[in-house]
A.B. asks: 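The structure under discussion is supplied below as structure tokens; questions concerning it will follow.
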Amino acid sequence: MSTTTSTALVLARRIGIVLLFVVIVLRPGFGRAEVPTQLSDLDVIVVVDRTRSMAALDYDGKQPRITGAKADLAALAEALPGARFGMLAFGADARVVLPLTSDSAAFGAAVETLYLEKPKDGTGSSATRPVPELKDLLERSAEQAPQRRRIVVYVGDGEDTTSEDGVDSYDQVADQVAGGAVLGYGTKRGAPMPADDDLTGDLGFVQDPATGDTAQSHADTDELQKIADQLGVRFEHRTRPGGLDDLARSFEASYSDGAGGHDRPAEHDLTWLFGVLLLGLLLLELHAGWRAVWASRHVLAPRKGAVR
């Protein structure tokens, strides 16, 4: 083989390696395949308490209440594939954090990034503060998709430190709710609340402005049960992770094909094939490199009988 031909083959091999790297990055594919997905008839509206009391350290030992709430919401979303989720958070005010969406990643991000009020930001806890916004969200959902069933999941500790007159009641929306649950966190005994945003306690604990002592937040399970009764749903006192599968099944989600399946187009991924070709060229390159090293050692080796 001539030197020119050998050089051309080496150049072609190395260009091929570069091109295959580019092709693999682009993840080539062809055709259409059927892949399963799930479409549920549920609209799940989550109402989350983000007041500072949800930082109290009495969930599953000495974990913040909000830690348990986030874990439960993530588990609930996983147990209800295909459902549309929306989130309404309340503290000093109530606002929609996430409109109803079937994007589970968006709901997961909303849960993960949910933040609590700072110790001096709130105006007191009120478990009924989000009722007007919840009513509006339910009505809009009914107008947009009357065939879907609306589920309300209330998440909080039930603590009420305000004396608001003429407060709303959750029975105002009961006739628009097809099911749901009230998930309660914390203990009646109560616990301190870390003052830092990371809830580690490194900056100490929230102080009671009246006494100067460490403030204690006490969960109000009676208030939570009252909310559950008004909505006509079950109340679950959450003290540790797990055990939400039965709750998810109680919502009785139904699917468009009767088995939770639905088809949508997808490409056949051919990245593996180009990966095999790339591996072959890389092995040839390594082989050529080894031969060059071996040849250079033979040329540079001292000849037998040569004078040193």
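What you see is a predicted model, and the numbers here were worked out from it, not measured in a lab. We use all heavy atoms of the structure for the numbers below, so side chains are in, but hydrogens, waters and symmetry mates are not.
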A.B. asks: Quick check on the hydrophobic clustering: are L199 and Y59 connected, directly or via other members, by side-chain heavy-atom contacts under 4.5 Å?
C.D. replies: yes

A.B. asks: Only one of Q147, R149, R148 forms a side-chain hydrogen bond (donor to acceptor under 3.5 Å, both in side chains) with D41, so which one is it?
C.D. replies: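 So, applying the side-chain hydrogen bond (donor to acceptor under 3.5 Å, both in side chains) to D41 and each of Q147, R149, R148, only R149 qualifies.
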
A.B. asks: I'd like to check V177 versus L138 (side-chain heavy atoms, cut-off strictly below 4.5 Å). Are they in contact?
C.D. replies: yes

A.B. asks: Is the side chain of H237 donor-acceptor paired with the backbone N or O of G186 at a distance under 3.5 Å, no angle test?
C.D. replies: yes

A.B. asks: Taking all atoms of both residues into account, what is the closest heavy-atom pair of D49 and G156, and its distance?
C.D. replies: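 Distance-wise, the nearest heavy atoms are CB-CA, 3.7 Å.
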
A.B. asks: Give a yes or no on whether L282 and F274 share a hydrophobic cluster (residues Ile, Leu, Val, Met, Phe, Trp, Tyr; joining criterion: side-chain heavy atoms under 4.5 Å apart).
C.D. replies: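 Result: yes, single cluster for both.
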
A.B. asks: Of all heavy-atom pairs between R52 and L116, which one has the smallest distance, and what is that distance?
C.D. replies: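 Nearest heavy atoms, R52 then L116: NH1-CB, 4.2 Å.
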
A.B. asks: May I ask you to decide if A178's main-chain N or O and R150's side chain share a donor-acceptor pair within less than 3.5 Å?
C.D. replies: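 No.
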
A.B. asks: Check the hydrophobic clustering (I, L, V, M, F, W, Y; side-chain heavy atoms under 4.5 Å; chains of links allowed) and say if I227 and V173 are grouped together.
C.D. replies: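 I227 and V173: one cluster.
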
A.B. asks: Say you draw a straight line from CG of D60 to OG1 of T239; how long is it, rounded to the nearest 0.5 Å?
C.D. replies: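 With rounding to 0.5 Å, CG (D60) is 7.5 Å from OG1 (T239).
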
A.B. asks: So do Y115 and D197 actually touch side chain to side chain, heavy atoms under 4.5 Å?
C.D. replies: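 Side-chain contact under 4.5 Å: no.
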
A.B. asks: Can you list the steps and then say if D198 with T200 is a side chain to side chain donor-acceptor pair (under 3.5 Å)?
C.D. replies: CA-CA 5 Å; D198 295 333; T200 60; 5.6 Å; no

A.B. asks: Salt bridge or not for D58 and R65, using N-O below 4.0 Å?
C.D. replies: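 Salt bridge: yes.
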
A.B. asks: Compare every heavy atom of L277 with every heavy atom of L20, then report the nearest pair and how far apart it is.
C.D. replies: CD1-C, 3.7 Å

A.B. asks: Knowing that exactly one of D229, T221, D222 qualifies, which makes a side-chain hydrogen bond (donor to acceptor under 3.5 Å, both in side chains) with Q225?
C.D. replies: D229

A.B. asks: Test of understanding: clusters of I, L, V, M, F, W, Y form through side-chain heavy atoms closer than 4.5 Å, transitively. Do V47 and L137 belong to the same one?
C.D. replies: yes

A.B. asks: Would you mind telling me which of V48, V153, V46 makes a side-chain contact (heavy atoms from CB on, under 4.5 Å) with L183?
C.D. replies: V153

A.B. asks: Given side chain to side chain contact (heavy atoms under 4.5 Å, CB included), test L134 with Q172 step by step and report yes or no.
C.D. replies: CA-CA 10 Å; L134 174 60; Q172 297 177 25; over 6 Å; no

A.B. asks: Distance check, rounded to the nearest 0.5 Å: H287 atom NE2 versus L284 atom CG?
C.D. replies: 8.0 Å

A.B. asks: Quick one: do Y170 and V152 satisfy side chain to side chain contact (heavy atoms under 4.5 Å, CB included)? Show the steps, please.
C.D. replies: CA-CA 11 Å; Y170 284 93; V152 172; over 6 Å; no

A.B. asks: Can you list, pair by pair, the side-chain donor-acceptor contacts under 3.5 Å of residues 70-90, counting residues two or more places apart and other chains?
C.D. replies:
| residue | atom | partner | partner atom | Å |
| --- | --- | --- | --- | --- |
| K70 | NZ | E112 | O | 3.2 |
| K70 | NZ | L114 | O | 3.0 |
| D72 | OD1 | R238 | NH2 | 3.0 |
| D72 | OD2 | Y185 | OH | 2.7 |
| D72 | OD2 | R238 | NE | 2.8 |
| R84 | NE | D43 | OD1 | 2.8 |
| R84 | NH2 | D43 | OD1 | 3.4 |
| R84 | NH2 | D43 | OD2 | 2.8 |

A.B. asks: In Å and rounded to the nearest 0.5 Å, what is the CG to CG distance from L281 to L286?
C.D. replies: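 Atom-to-atom, L281:CG and L286:CG are 11.0 Å apart.
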
A.B. asks: Restricting to non-hydrogen atoms, name the atom on L247 and the atom on G180 that form the minimum distance, rounded to 0.1 Å.
C.D. replies: CD1-O, 4.4 Å

A.B. asks: On a heavy-atom basis, which atom in V155 and which in A69 lie closest, and how many Å separate them?
C.D. replies: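 For V155 and A69, the tightest heavy-atom pair comes out as CG1-CB, 3.5 Å.
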
A.B. asks: Nearest heavy-atom pair of M193 and A215: which atoms, and what distance?
C.D. replies: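 Heavy atoms only, the tightest pair is CE-CB, 3.9 Å.
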
A.B. asks: Which distance, rounded to the nearest 0.5 Å, do you find between the OG of S141 and the CG of D136?
C.D. replies: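 Answer rounded to 0.5 Å: 11.0 Å.
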
A.B. asks: Looking at E133 and R95, does any basic side-chain N land under 4.0 Å from a carboxylate oxygen?
C.D. replies: no

A.B. asks: Got a donor-acceptor contact below 3.5 angstrom from the E117 side chain to the A92 backbone?
C.D. replies: yes

A.B. asks: To the nearest 0.5 Å, what is the distance between CG on D93 and OG on S126?
C.D. replies: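 So the gap between those two atoms works out to 12.0 Å.
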
A.B. asks: So for atom CZ, which belongs to R240, do other residues, nucleotides or ligands contribute more than 12 heavy atoms lying within a distance under 6.0 Å?
C.D. replies: no

A.B. asks: Rounded to the nearest 0.5 Å, how far apart are CD1 of I24 and CG of L19?
C.D. replies: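 Between atom CD1 of I24 and atom CG of L19 there are 11.0 Å.
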
A.B. asks: Donor-acceptor pair, Q144 side chain versus A142 backbone, under 3.5 Å?
C.D. replies: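 Answer holds: no.
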
A.B. asks: Are V96 and L42 grouped together when hydrophobic residues (ILVMFWY) are joined by side-chain heavy atoms under 4.5 angstrom apart?
C.D. replies: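 In one cluster: no.
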
